[in-house]
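What follows is a set of notes on a single structure, which appears directly below.
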Amino acid sequence: MEYAIKVDGLTKQYKDFTLDNVSFAVPAGSIVGFIGENGAGKSTTIKAILDLIRKDAGTIELLGQENGAGNREVKEQISVIFDECYFPDGLMVEDVNRMMKQTYRFWEQETFFNYCRRFELPGKKAVKEFSRGMKVKLSIAAALSHKAKLIILDDACGSLDPVVRSEILDIFMDFIQDEDHTVFLSSHITSDIEKICDYILLIHKGKLLLFENKDALLYDYGIVRCTKEQFRELDPSLVVGVQENRFEVEVLVNNRQALKGHSCDYVIDQASIEDILLYVVKNNIKKM
Amino acid sequence: MKGLLLKDIFNLRKVAKQYLLILAFFVCYCFFLKNPSFFPMMTVMSFSMMILTSLGYDEAAGFDKYALTLPVNREDLVRTKYLLLLLLIAAGFVVGMIGNILINLFIQGDREPVLEQMISVAAVAAVFFLVYATMLPLVFKLGVEKARMTLMVCYIAVFAGVFFAVKQITKLGLDKDLTDGRMTALALAAAIGTILYFIGSYFVSVRIIRKREW
């Protein structure tokens, strides 16, 4: 299996929003970061992948199976962690274990309790008494306890503190050591994406703007700080986004190596994923 | 589906204490009336109401959305709730009849034969089957809170339906000279009608949930 998720021409139309012909393929064995501002279409894309909404057009393959979200065998190998915990309030850790044991064929009780202990989840308390972070940790513990091959996170880490988030990211890094395992991570926290992802997928207003290898992105993209005169001399094909202030112009370029040795002697800084997100989205807003 | 059903049972534990108190009240009331036949009717009614409690908990937690990411399909969500309703009404029936027999041991009132009482309670259970079979598709369509407002309408619709059926039976003269055989045939027809209505309701709910988006 080459791709864990393959989306082709996905379209979903609402009254005030359209997910517009989105296509991408998540290579198996990778971590893909899915970024975009609020309302960009991240959750809609994930819902369509999971068959929680009906798509208007396009095809979706999950673990090599078309419409995999409707296939029980495929779902045995998938874990989804949302931004909220959807276990009913009255359940306790042991109840979740017993419920999941009857739901998944390969449920690993020991693994589940190990994660619960590691995340310090109280066994005697009902879910309603858990903090938001604890609820997400419970979802993560459940997600990692049934031999899943694909984990999909829909902004799940946003409610966790930096220490726990770092621990969770390390767990995902361990998970990915098996080359069959894939993580599809939708998040607003670009530092997390930058830390662990192999690929970056950027969506804006329902359209896919960018899907690239993270290292290549960080190597190629740069922020040029220059005067207005120097900016005019820049090759327009290199310019992705521009921000101007009274003193200088900041330009996101997609090939900073091409500017090395340029007569203008530009000051070029490495661009972070957050910079790329901000410049690409802002530039796109201007174009619209 | 077994996992979903277990989750429902764990969830309903929360209201178990309240229901025990209600049952205790019913027991006291039966002693006061010196008539235990009221008890199984009330257990069937209160147990069957727990289906809405269960659906309400799922809705409050947004559980269905999560459940569909597990190896569970949309039909399983519906099937579990219909099965839970069956189990709840059966439990209400059994608890009610046991309570009835036990209360009877202490009350020196009029004693109706157990079999006749069972038939009466089964008739009440059938009414609740019809009420919730009418309501469940509305719950899957509108959500629990909105559907709860239609509960009274469902009761009225079912009672109107039963009233219409009885009228038709009278009109056709089937109620005259009720022999045991004719009585059994009518009871059987009512049971088959209830089962068919329940199955029809299930398929309507499945149709609704197939179109639903989360």
So which residue, [options], ends up with the most heavy-atom pairs under 4.5 Å with chain B?
| options | value |
| --- | --- |
| A:Val96, A:Val127, A:Val80 | A:Val80 |
| A:Thr103, A:Ile53, A:Leu50 | A:Ile53 |
| A:Arg54, A:Glu84, A:Glu76 | A:Arg54 |

What part of [X] gets closer than 4.5 Å to chain A, counting heavy atoms only: side chain, backbone, both or neither?
| X | result |
| --- | --- |
| B:Lys14 | side chain |
| B:Arg74 | side chain |
| B:Asp8 | neither |

| said: Distance to the ring centre below 6.0 angstrom and angle to the axis at most 45 degrees; does that hold for B:Lys65 and A:Tyr86? | reply: no
For the pair [X] and [Y], name the ring-plane relationship: parallel under 30°, tilted 30 to 60°, perpendicular over 60°.
| X | Y | answer |
| --- | --- | --- |
| A:Phe87 | B:Tyr66 | perpendicular |
| A:Phe175 | A:His181 | parallel |
| A:Trp107 | A:His146 | parallel |

| field | More than 12 heavy atoms from other groups under 6.0 Å of CZ on B:Phe203 | value | no
| Would you say B:Arg13 has more than 12 foreign heavy atoms packed within less than 6.0 Å of its CZ? | yes
| message | What part of A:Ala126 gets within 4.5 angstrom of chain B, counting heavy atoms only: side chain, backbone, both, or neither? | response | neither
| request: Could you look at A:Lys12 and say if it's the side chain, the backbone, both or neither that has a heavy atom under 4.5 Å from chain B? | output: side chain
| request: Would you kindly say whether A:Ser43 and A:Asp154 are connected by a side-chain donor-acceptor distance under 3.5 Å? | output: yes
| Between B:Leu12, B:Asp58, B:Val72, which has the largest tally of heavy atom pairs under 4.5 Å with chain A? | B:Val72
| task | With a 4.5 Å cut-off on heavy-atom pairs, point out which of B:Asp64, B:Leu68, B:Leu70 contacts chain A the most. | result | B:Leu70
